Amino acid sequence: MVPRPPVVTLMGHVDHGKTSLLDTIRNTYVVGKEKGGITQHIGAYRVILKRGTITFLDTPGHQAFTAMRARGANASDIVILVIAANEGVKPQTIEAIDHARAANVPIVVAINKIDLPDADIEGVKKDLQRLDLTPEEWGGKTIVVGVSAKTKQGIDELLEMLLLEAEMLELKVDPSRLARGVVIEGMISPHRGIVTTVLVQTGTLKLGDIVVVDCYYGKIKAIIDDQGRGIKEAGPAMPVEILGLSGLPQAGDPFRVVPDEKKAKQICWLRQERKRKERLTPKQKITLESFSQQVEQKKLKELKLIVKADVQGSLEALVESLNKLSIDKIKVNIIHQTTGGINESDIILAAVSNAVVIGFHIRASLKAEELARQEGVEIKLYDVIYEAIADVKASLEGLLEPIVKEIVTGKAEVRQLFKVSKIGTVAGCFVHKGKINRNDLAHLIRNDVVIYEGKIKSLKRFKEDVREVEQGFECGIGLQNYDDIKVGDFIETYKKKEVA
Ligand code: GDP
């Protein structure tokens with residue numbers, strides 16, 4: 001076993017400088033050092049320093065990071081959390097921290113834009129302390145470096161620190177074995193066919209090797225490094241492009257080299273069979289109802305939750321009560337908590353972590369809802385804190401019997417408003433999903449937050465009163481005792497159903 005270079009991903013809030021830092025590091029340490037500076041973007045690059053080498057993944061952000069994990073591969077050893085010194089910690093900074101923690105990947109903090117006059121490094125450090133990332137110089141364990149992607153200040157130190165962190169991680173692999181690794185990106189080039197960028201994680205990848213990815217395999221016809229040079233072999237932590245695969249894999253797919261083509265065919269056949277079977281049984285991750293059975297079957301020790309609420313106060317109250325529910329053998333582990341609607345990144349995180357998403361006074365975006373359906377992630381929505389707590393408690397104790405369930409029957413988008421004297425506001429709507437029934441109950445949802453619940457007062461198609469309106473049609477909806485409807489709101493209708 002020999003040490004291998006660390007693989008690093010940058011994460012942080014939008015515009016805090018992830019791309020700029022990646023570019024500055026590349027331009028300073030990689031490009032132009034050797035033969036005339038070929039800039040070859042292959043999805044990752046290596047920085048080779050006297051003291052060691054670092055591999056940077058070129059797709060920054062926690063969504064890409066967790067999407068890769070969702071396909072089976074944890075490619076990163078260290079996350080650089082980029083925080084702009086003039087803005088401090090923002091919502092996506094917290095998302096990034098939780099995604100890194102869920103993956104058990106250590107965080108090094110780069111406070112960027114320290115060249116700006118309004119940079120407040122101390123302020124950022126205080127934020128970090130609150131988030132349990134106390135800087136080393138304040139007695140904590142987190143490496144924090146001030147940098148500027150613009151003036152290059154602090155970049156040397158950041159790289160030093162990454163190497164130091166890597167040393168502590170003792171990343172060791174066997175370079176003599178058949179290679180294994182992960183796909184960083186794949187594309188079809190009009191001239192070269194299927195081009196796949198891979199990161200070798202262990203072993204050495206050689207020309208002529210038979211590689212299997214997903215249900216595809218092929219003999220490697222060319223290996224190209226991050227400087228655009230054709231090479232004969234690639235060792236651990238090297239990102240390279242390979243040619244020769246028979247199909248297009250996805251980012252995050254693991255790959256492996258097998259001894260011969262026969263073995264490759266066998267593996268691909270087995271995987272196709274497995275996929276066929278999986279298609280027949282819908283994916284289902286953990287649910288509150290099934291949790292106690294899964295505890296026995298899969299020896300689970302904790303119930304993982306993602307908690308989202310409309311405002312900070314409710315979020316804190318809910319999280320505090322949920323945390324108190326941990327019982328002897330089983331813990332409640334809240335892996336992510338923020339205010340705001342349920343988004344796609346919440347669902348991806350829930351899917352890889354096998355967590356249930358709990359929403360209080362909020363809803364999921366249409367895309368998040370769809371993704372949750374595909375991934376089999378359970379979203380539980382509540383309008384009363386006590387009910388959320390009671391459900392989780394019952395789930396932990398294996399006693400969960402849903403009594404009254406809200407069954408969503410339709411969802412319509414408000415596109416136009418009509419003020420009708422004596423009647424009030426009528427919302428001109430388009431029905432996106434299900435059907436709107438005159439007798440159903442209704443939620444009014446604005447920016448994924450529930451702001452009204454009650455009854456439908458009127459339902460019209462053109463001038464006619466109607467009993468129901470189907471998906472794909474327009475209608476006018478009036479809500480009982482509520483007129484403050486806005487364009488862009490959603491009206492969600494539901495029934496209450498007793499479940500034994
Ligand atoms: P990303 O969304 O995190 O990838 O952020 P970008 O790298 O796109 O940077 C956002 C903006 O901040 C751009 O306009 C950059 O020019 C600027 N920026 C990035 N790093 C620095 C820095 O160190 N100093 C200053 N002054 N501006 C920076």
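Heads up: numbering here begins at 1 and tracks the sequence. This is a predicted model, so every value here is computed, not measured. Atoms within a ligand are numbered from 1 in the order they appear, just like the ligands themselves.
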Indicate whether the side chain of S345 and that of E95 have a donor and an acceptor atom separated by less than 3.5 Å. yes

Identify which one of I210, V257, T204 satisfies the side-chain contact (heavy atoms from CB on, under 4.5 Å) criterion when paired with L178. V257

For residues I223 and I220, report the shortest heavy-atom separation together with the two atoms involved. CG1-CG2, 3.7 Å

Considering only heavy atoms of L116, which atoms of ligand 1 have at least one such atom less than 4.0 Å away? 26 (N)

Distance-only donor-acceptor check, side chains Y382 and D391, under 3.5 Å: yes

I'd like to check which ligand 1 atoms, numbered from 1 as shown, lie under 4.0 Å from a non-hydrogen atom of H16. 3 (O), 5 (O)

How far is atom 18 (N) of ligand 1 from the closest protein heavy atom, and which atom is that? K113 CE, 3.6 Å

Tell me which protein heavy atom sits closest to atom 2 (O) of ligand 1, plus the residue, atom name and distance to 0.1 Å. D15 N, 2.7 Å

Where is the nearest protein heavy atom to atom 5 (O) of ligand 1: which residue, which atom, and how far? G17 N, 3.1 Å

Heavy atom under 4.0 Å from ligand 1: found in N112's side chain, backbone, both, or neither? side chain

One finds that the ligand 1 atoms under 4.0 Å from a non-hydrogen atom of H13 are 3 (O)

So among D98, V307, L349, which one has a side-chain contact (heavy atoms from CB on, under 4.5 Å) with I335? L349

Taking it one step at a time, do H443 and R363 satisfy side-chain hydrogen bond (donor to acceptor under 3.5 Å, both in side chains)? CA-CA 10 Å; H443 285 131; R363 289 294 179 268; 3.0 Å; yes

Test log, rule side-chain hydrogen bond (donor to acceptor under 3.5 Å, both in side chains), inputs E87 and H16: CA-CA 8 Å; E87 293 199 355; H16 280 198; 2.9 Å; yes

Identity and distance of the protein heavy atom lying nearest atom 7 (O) of ligand 1: S20 OG, 2.6 Å

Which heavy atom in G17 sits nearest to a heavy atom in V82, and how many Å separate them? C-CG1, 4.2 Å

Minimum-distance protein heavy atom relative to atom 26 (N) of ligand 1: D115 OD2, 2.9 Å

Which one holds for T19 and ligand 1: side chain close, backbone close, both close, or neither close, with close meaning a heavy atom under 4.0 Å? both

Do protein heavy atoms approach atom 9 (O) of ligand 1 to less than 4.0 Å? yes

When you measure from atom 23 (O) of ligand 1 to every protein heavy atom, which one gives the shortest distance, and what is it? A149 N, 2.8 Å

